[in-house]
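Quick note on labels: first sequence line is chain A, next is B, and so on, each numbered from 1.
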Number of protein chains: 2
Amino acid sequence: MTARSSAESARDVPEATVARLPVYLRALATLADEGTSTCSSEDLAAAAGVNSSKLRKDLSYLGSYGTRGVGYDVDYLRYQIAREIGVTQDWPVVIVGIGNLGHALANFSGFRSRGFRVVALLDADRDRHGEQVAGVDVRPFSDLEQIVTEHGVAIGVISTPAQAAQDVADRMVASGVTSILNFAPTVLQVPSGVDVRKVDLSIELQILAYHVQRKAQAEAEAG
Amino acid sequence: MTARSSAESARDVPEATVARLPVYLRALATLADEGTSTCSSEDLAAAAGVNSSKLRKDLSYLGSYGTRGVGYDVDYLRYQIAREIGVTQDWPVVIVGIGNLGHALANFSGFRSRGFRVVALLDADRDRHGEQVAGVDVRPFSDLEQIVTEHGVAIGVISTPAQAAQDVADRMVASGVTSILNFAPTVLQVPSGVDVRKVDLSIELQILAYHVQRKAQAEAEAG
DNA sequence: CGCATTTTGTTCTCGCGTTCACAAACTCCT
DNA sequence: AGGAGTTTGTGAACGCGAGAACAAAATGCG
């Protein structure tokens, strides 16, 4: 039961759980679109691709939002998870590096629909300035600090080449950004208190390649 | 010391270690570019952004490739890790879904430089067929099976909208693809034996948002 | 009203991964 | 050659997350 400090929902949700909450949120959205108003932990777990026991434990960190013998109200649970993650409000986001990937990110529809708003696209390349991508002007990288301050940006996305990424990250942190999503293939050094998540295509491919090779070897040895 | 079955290096490298090997590989490449021929576990760990103890343990699963009192030979270790991952050979890859993201992926230079070769770009949209992206023709999705068979493709990349992803995955698996990198924001159902790794922008952003919100709450409460 | 059924929320156990700490092994200097 | 100094490789302890199993609570029916 773990008595809570009056104000808010649970503290210290495990990191592994936090990483799955957005998956549950999406699964609930799908269920809602299909017209489902109530679901059991089995249903939701299947839609999210996880074990139902794990799902129930994850949800239990947020509170007790289900009804025994009945299940979960889709809309209600959806709201509770959204609130826990923080996507009931709008997060301003700045994207730095408007190459091929930056274009794709700026046009990504999932941004707006999930509580994120691209307030600026920045690029060091003078030739790109003034260009419009997804309805937003591309502006000089030097505008970073002003934009971050003005809009209260906490989240920055880096889609520059690897060599520029560390500098961009440093400038972001200096401007007040506390969370960075890094698509550049490099390890970023940031002060403690700043969160970095990385998305790295070639690493993912290499992990897949390892398993392919391993399977091939296993088969070869088995004869 | 764990005596090995004559033929090859260690079996059962932990999954967490496998996920870090590509990071080490990249760090070693950087060191090599800087002209470093030897490095200690501390040096490499710093470059890779991990704990040196963890690095040494990770490497110990592959074999004993260092020299006590000296460190690791950069080129030698690099080759050993590349061989373990399997990137000493070339992996043919097929990309399905040539929208904004597909374009970015096709143009991604890290593909070729890390042992991956894009053998085909496929899209269901008839209007795109014949278009060239990064020097490769965009072809109909229906060519999938032929291409997979012809080139022995084991790795497929999905960068379609969410609604098409499951069908694409099914067709890939039916054609003989055993590993899928999924950029579509949906949970894929695949038979056991098929590896799926997912890259999901909006999930990553939501995880960051959670932590931003959490920090903000903590500050508010601290006064 | 009480019992059977359903489904949640929680407890318990197990295995994996991380980190510490140290012995083994190599180099260099005298 | 021997000892001091380094650095690897590994054994052991610890903590977190996954999954199974069960108790608690709600519904519906006789």
* With no hydrogens and no angle check, do the side chains of B:Q80 and B:R83 hold a donor and an acceptor under 3.5 Å apart? -> yes
* Do any N or O atoms from the side chain of A:E42 and from the backbone of A:S52 form a donor-acceptor pair under 3.5 angstrom? -> no
* To do: For A:Y61 and C:dT8, give me the distance from atom OH to atom P, rounded to whole Å.
  => 17 Å
* Check every strand shown and say whether A:T67 touches a base, only sugar-phosphate, or nothing at a heavy-atom separation below 4.0 Å. => sugar-phosphate
* If you measure from CD1 on A:I85 to CG on A:L62, what distance do you get to the nearest 0.5 Å? -> 8.5 Å
* To do: Let me know the distance between OH of A:Y72 and P of C:dT6, rounded to the nearest Å.
  => 18 Å
* Heavy-atom donor-acceptor pair, A:K215 side chain to B:G193 backbone, under 3.5 Å -> yes
* Separation of atom CG in A:D43 from atom C1' in C:dT7, rounded to whole Å -> 11 Å
* To do: Using whole Å, report how far CG of B:L59 lies from P of D:dT10.
  => 11 Å
* Structure fact -> Taking for B:K57 and for B:V70 the nucleotide of DNA chain D with the nearest heavy atom, the one nearer the 5' end belongs to B:V70
* d(CG, B:D58; P, C:dT19) in whole Å -> 11 Å
* Asked: Reckon A:S41 has a side-chain N or O less than 4.0 Å from the OP1 or OP2 of C:dT8?
  -> yes
* Structure fact -> Here the distance between atom P of D:dT8 and atom CG of B:L77, to the nearest Å, is 11 Å
* Structure fact -> Exactly one of A:I155, A:V196, A:V157, A:T178 clears side chain to side chain contact (heavy atoms under 4.5 Å, CB included) with B:L208, and that residue is A:I155
* Asked: Quick one: which of D:dG9, D:dT7, C:dG17 gets closest to the side chain of B:S64?
  -> D:dG9
* At under 4.0 Å between heavy atoms, what does A:S53 touch on the DNA or RNA strands: base, sugar-phosphate, or nothing? -> base
* Asked: A:K54 has an atom NZ; how far is it from atom P of C:dC14, in whole Å?
  -> 19 Å
* Let me know the distance between CG of A:L55 and C1' of C:dT8, rounded to the nearest Å. => 11 Å
* To do: Tell me which of A:R68 and A:R56 sits closer to the 5' end of DNA chain D, going by the nucleotide each one is nearest to.
  => A:R56
* Ignoring backbone atoms, test whether A:N51 places a side-chain nitrogen or oxygen under 4.0 Å from the OP1 or OP2 oxygen of D:dA20. => yes
* Just checking A:E42: base, sugar-phosphate only, or nothing, at a heavy-atom cut-off of under 4.0 Å? -> nothing
